[in-house]
S.K.: 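Attaching a single structure in structure tokens format; questions to follow.
All chains are named by letter (A, B, ...) in the order of the sequence lines, taking the proteins before the strands, and each is independently numbered beginning at 1. When reading the values below, keep in mind they use all heavy atoms of this one structure, side chains included, and skip hydrogens, waters and symmetry mates.
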Amino acid sequence: MIQQKDQKGLKGFFEKFLDKDSLFLNKKALQESYTPETISHRDKEIKKIAEVLAPCLRNEKPSNLFIYGTTGTGKTVSMKYVIHQLMTLATEREVPLRAIYVNCKIKKVADTEYRLIAQFIRDLGREVPPTGLPTDEVYNIFYKLLDENKFNLLIVLDEIDYLVKKTGDEVLYNLTRINPELKNSQLSIVGISNNVVFISSLEPRIKSSLSEEQILFPTYNAIQIQQILRDRAEVAFKESVLQEGVIEKCAAYAAHEHGDARRALELLRVSGEIAERTNSDKIKLEHIDEAEEKIEKDRVLELVESQPKQYQAVLYSILKIYSGRKDVIFTGEIYELYRTICEKADLRPLTQRRISDILAEFDMLGIINARLISKGRYGRTREIAMSVPSSLEPKINEILIKDLSL
DNA sequence: CGAGATTCATGTGAAGTATACCTTTAGGCTTAA
DNA sequence: AAGCCTAAAGGTATACTTCACATGAATCTCGTA
């Protein structure tokens, strides 16, 4: 917070900020949205994707494709990379090809059947209302859009397991069955999932249709991550701003988390930001530790802040009980406290049924750790514990109190 | 003592409801001929 | 008479509620050793 007396110096501060040499050359290279020129250690996978999808350049329908592997193994980047190349070539050669990338995990965008199809339509350049239309009607608009113009459509469904978990596999069934109805265009689906066993949980007919081709992305080892980091760092940072061992340490942290390259890159970026902010002329090892903390903190706090009020009230009850007694909690206790909190926060309390679902969602988000247990004679319940670092609890508490105006 | 039966506290699926939003339709008003 | 606007009617998706049944191990019950 900048105090009154400092305000005169604000201009000076900005000037100094501008004059100061940035450690970064091109920070974008470390951001998640960045698609690098070349992707290391994924040649085989990328080639395979390309092989599967190539027919669409000849206006033939490529096989549906299913890609799986744990987080941060480069599934999304590789896919985006191939799409990018395909699209460039397609425009060059005037091949009628379009690609839609959707992340099904994003709430309120693509987490129901209706919203998913609506999102496709929007991506194809037509507006549809957020609700109110029959789902059939939305499908019809989609068909028509496809049939009006002749082109090949490539749909990439990232985190497809979330979609199925929430809405069932009917969507996939409908999508895989669209093709025979289309006269002009063709539709291919690429599903991406972190969950390795996901595909086997599908109904056989959908399973076979979706996974005409499958590609597994193996995890990176520490050496590979190091190289990925070096490649990106070269683009992102100015020369010799990295202290000896920084790359190795980032890689080690990430390898710890089963080879998650995304985390490693984020770690490196945030370390750079911290170094810059503290006026260090180099990124040092201790910046990484700080970054590690900051990332987790930001992730959790942002998540907490973005939750709807009801969800926050539930979380507040959990936090309140949990921080008073560092032990597992049961659903009943939470619900009881939740009701009194609703009263204080001027909220209409939801039913226990609903709270049960909300708790399950928190579990999925990784804010809490819930386990279904039976206490025999004393019933059955979820055994719940907070799963965020306890150092964050006061901060979360603060946010919740503010948001719920308690 | 041990095999079933019982029990508790809540999970969970299905169906129903409230709300917000959409399109269609019918009526009323305006306008131009 | 045609055209335009508005409000009501009729329909949907979504978030939530209600209802009813499922769960599963600690505990109880009761026949048997």
S.K.: Could you tell me the separation between the CZ atom of A/Arg339 and the C1' atom of C/dT17, rounded to a whole number of Å?
M.R.: 13 Å

S.K.: Within this structure, what is the CD-to-C1' distance between A/Gln310 and C/dC16, rounded to whole angstrom?
M.R.: 10 Å

S.K.: What's the closest nucleotide to the side chain of A/Thr112 if the choices are C/dT18, C/dT14, B/dG11?
M.R.: C/dT14

S.K.: Provide, to the nearest angstrom, the distance between the CD atom belonging to A/Glu137 and the C1' atom belonging to B/dT23.
M.R.: 9 Å

S.K.: OP1 or OP2 of C/dA25 sitting under 4.0 Å from any side-chain N/O of A/Tyr378?
M.R.: no

S.K.: Taking NZ, NE, NH1 and NH2 as the nitrogens, is one of them in A/Glu333 or A/Arg325 under 4.0 Å from a carboxylate oxygen of the other?
M.R.: yes

S.K.: Would you call the rings of A/Phe24 and A/Phe237 parallel, tilted or perpendicular, taking 30° and 60° as the class edges?
M.R.: parallel

S.K.: What's A/Pro308 touching, base or sugar-phosphate or nothing? Going by heavy atoms closer than 4.0 Å.
M.R.: nothing

S.K.: Nearest whole angstrom, please: distance from the C1' of B/dA9 to the CZ of A/Arg380.
M.R.: 9 Å

S.K.: Return the value, rounded to whole Å, for the distance between atom CD1 of A/Ile141 and atom P of B/dC22.
M.R.: 13 Å

S.K.: What is the distance from CZ of A/Arg115 to P of B/dC21, rounded to the nearest Å?
M.R.: 13 Å

S.K.: May I ask you to verify whether the side chain of A/Arg353 and the base of B/dG13 hold a donor-acceptor pair under 3.5 Å?
M.R.: yes

S.K.: Work out which heavy atom in A/Ile39 is nearest to a heavy atom in A/Ser78; give both atom names and the distance.
M.R.: CD1-CA, 3.9 Å

S.K.: So which nucleotide from B/dG11, B/dC22, C/dC16 ends up closest to the side chain of A/Tyr311?
M.R.: C/dC16

S.K.: Tell me whether the OP1 or OP2 atom of B/dG11 has a side-chain N or O from A/Arg382 closer than 4.0 Å.
M.R.: yes

S.K.: Of all the nucleotides listed (B/dA9, C/dA13, C/dT17), which has the minimum atom distance to the side chain of A/Thr131?
M.R.: C/dA13

S.K.: Taking CD1 from A/Ile373 and P from B/dC8, how many angstroms apart are they, rounded to a whole number?
M.R.: 17 Å

S.K.: Mind checking A/Leu372 for me? I need base, sugar-phosphate or nothing, with any heavy atom below 4.0 Å counting as a touch.
M.R.: sugar-phosphate

S.K.: Categorize A/Thr351 for me: base, sugar-phosphate, or nothing, with a 4.0 angstrom heavy-atom threshold over every strand shown.
M.R.: base

S.K.: Looking at the side chain of A/Thr135, which of C/dA13, C/dT17, B/dT10 is the nearest nucleotide?
M.R.: C/dA13

S.K.: Check for me whether the distance between the ring centres of A/Tyr68 and A/Phe217 falls short of 6.0 Å.
M.R.: no

S.K.: Starting from P on C/dA13, measure out to NZ on A/Lys166 and report it in whole angstrom.
M.R.: 15 Å

S.K.: Nearest to the side chain of A/Arg354 - C/dC16, C/dT27, B/dC22?
M.R.: C/dC16

S.K.: Show your reasoning for whether salt bridge (Lys or Arg N to Asp or Glu O under 4.0 Å) applies to A/Glu113 and A/Lys166.
M.R.: CA-CA 9 Å; A/Glu113 187 171 7; A/Lys166 265 205 81 168; over 6 Å; no

S.K.: Closer to the 5' end of DNA chain C via nearest nucleotide, is it A/Asp357 or A/Pro134?
M.R.: A/Pro134

S.K.: Taking the side chain of A/Tyr114 as its heavy atoms from C-beta onward, which of C/dT14, C/dA26, B/dT12 lies nearest to it?
M.R.: C/dT14

S.K.: Do A/Ser185 side-chain atoms and A/Phe151 backbone N/O form a donor-acceptor pair below 3.5 Å?
M.R.: yes

S.K.: The side chain of A/Thr381 is closest to which nucleotide in this list: C/dT23, B/dC22, B/dG11?
M.R.: B/dG11

